[in-house]
Amino acid sequence: MAVREILHVGNPLLRERSRQVTRAELASVEVQQLIDDLVDTMHAANGAGIAAPQVGELLRIATIEVNANPRYPYKPRIPLTVVVNPVIEPLDDELVEVNEGCLSVPNMRGNVMRHVNVRVRWWDRHGVEHDEVRRGLTAGTFQHECDHLDGVLFLDRVHDTRSLTTWDEFERFHRAAFIERITEFVERVGS
Ligand code: ZN
């Protein structure tokens with residue numbers, strides 16, 4: 001078990017494209033340890049997800065979990081999911097504007113457009129292949145983590161920079177309206 005240091009925006013490693021993981025690598029002690037470290041680091045930071053490049057490892061691996069998350073209390077629950085070599089494909093053109101933050105972008109949130117319905121294919125930590133549909137805010141969380149594997153941060157997708165806020169000012173000025181809108185969305189779309 002180890003909580004790793006999280007790299008912050010400005011670190012060039014966050015802008016690299018991470019490489020595919022082979023089955024032999026995935027089975028190795030080192031990569032299994034990295035996955036454990038990602039889970040520990042995500043939990044310690046109350047993240048909804050974390051990707052390997054955020055701890056400086058340029059491998060296509062991310063972990064996702066939402067369970068009454070204090071950073072994002074409106075997000076539907078996601079059981080702990082380890083995604084290796086994920087591929088995301090939008091199922092249609094429906095988009096939703098989501099207010100996001102990121103463990104690698106301290107004290108900043110902003111609005112990005114995310115696909116509402118996506119097909120995601122990945123291997124779990126045991127190399128078992130998954131091919132599933134994710135919807136709503138959960139689909140957005142998968143897109144955010146997969147972006148990290150291509151060196152993309154949510155900041156790059158903020159279409160109106162006037163939506164950028166610190167966490168305190170989000171709470172103070174924007175939280176109520178966002179929660180009202182996104183709660184209606186979650187009730188309509190589900191997770
Ligand atoms: Zn992030």
Side-chain angles (χ1 to χ4, degrees), residues 2-19 21 34-88 90 95-116 118 120 122 134 136-161 163-168 170-171 174-175 178 182 191:
V3 172
R4 304 266 297 253
E5 181 190 349
I6 298 173
L7 308 188
H8 289 160
V9 57
N11 189 308
L13 290 176
L14 290 172
R15 295 317 201 159
E16 296 283 325
R17 182 179 164 84
S18 293
R19 66 173 179 80
V21 180
L34 169 62
I35 291 169
D36 288 338
D37 289 354
L38 286 171
V39 173
D40 291 341
T41 306
M42 173 178 71
H43 286 163
N46 285 323
I50 193 168
Q54 292 182 272
V55 299
E57 304 286 350
L58 296 180
L59 296 172
R60 299 186 82 78
I61 301 173
T63 64
I64 295 169
E65 182 178 34
V66 175
N67 194 358
N69 187 296
R71 277 163 61 91
Y72 308 102
Y74 45 82
K75 282 198 181 200
R77 191 172 177 277
I78 308 175
L80 177 61
T81 308
V82 176
V83 296
V84 180
N85 299 331
V87 177
I88 287 205
L95 298 172
V96 60
E97 185 176 55
V98 184
N99 184 274
E100 294 192 3
C102 177
L103 297 177
S104 291
V105 184
N107 201 15
M108 188 69 72
R109 301 179 64 133
N111 289 346
V112 301
M113 303 304 292
R114 295 292 187 190
H115 290 283
V116 175
V118 296
V120 195
W122 74 91
R134 290 290 180 270
L137 293 183
T138 299
T141 301
F142 274 75
Q143 289 163 79
H144 178 115
E145 298 312 326
C146 289
D147 270 354
H148 278 298
L149 306 180
D150 293 329
V152 174
L153 300 175
F154 85 89
L155 294 172
D156 308 335
R157 298 195 183 279
V158 171
H159 53 96
D160 181 353
T161 52
S163 75
L164 290 169
T165 66
T166 64
W167 282 65
D168 277 352
F170 177 78
E171 291 288 321
H174 305 281
R175 182 179 194 277
F178 176 67
I182 216 65
S191 62

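Order of appearance sets the numbers: ligands from 1, and atoms from 1 within every ligand.
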### Message
Angle between ring planes, Tyr74 versus Tyr72, binned at 30° and 60°: parallel, tilted or perpendicular?
### Response
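Plane angle over 60°, so perpendicular.
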
Any salt bridge (Lys or Arg N to Asp or Glu O under 4.0 Å) pairs touching residues 96-108, not counting sequence neighbours?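 For residues 96-108: Glu97-Arg181, Glu100-Arg114.
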
*When you check the space around the Zn ion (ligand 1), which protein N, O or S atoms turn up under 2.8 Å?*
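Listed by chain and number: Cys102 SG, His144 NE2, His148 NE2.
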
Q. Is Arg175 paired with Asp168 through a side-chain N to carboxylate O contact shorter than 4.0 Å?
A.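 Not counted as a salt bridge, because no side-chain N and carboxylate O are separated by less than 4.0 Å.
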
Sub-4.5 Å side-chain heavy-atom contact between Pro53 and Glu16: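 No, their side chains stay 4.5 Å or more apart.
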
*If we only count heavy atoms from C-beta on, is the Glu145 to Val83 side-chain gap below 4.5 Å?*
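A side-chain contact under 4.5 Å is absent here.
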
Value rounded to 0.5 Å, distance of CG in Asn46 from CZ in Arg71: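 Answer rounded to 0.5 Å: 7.5 Å.
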
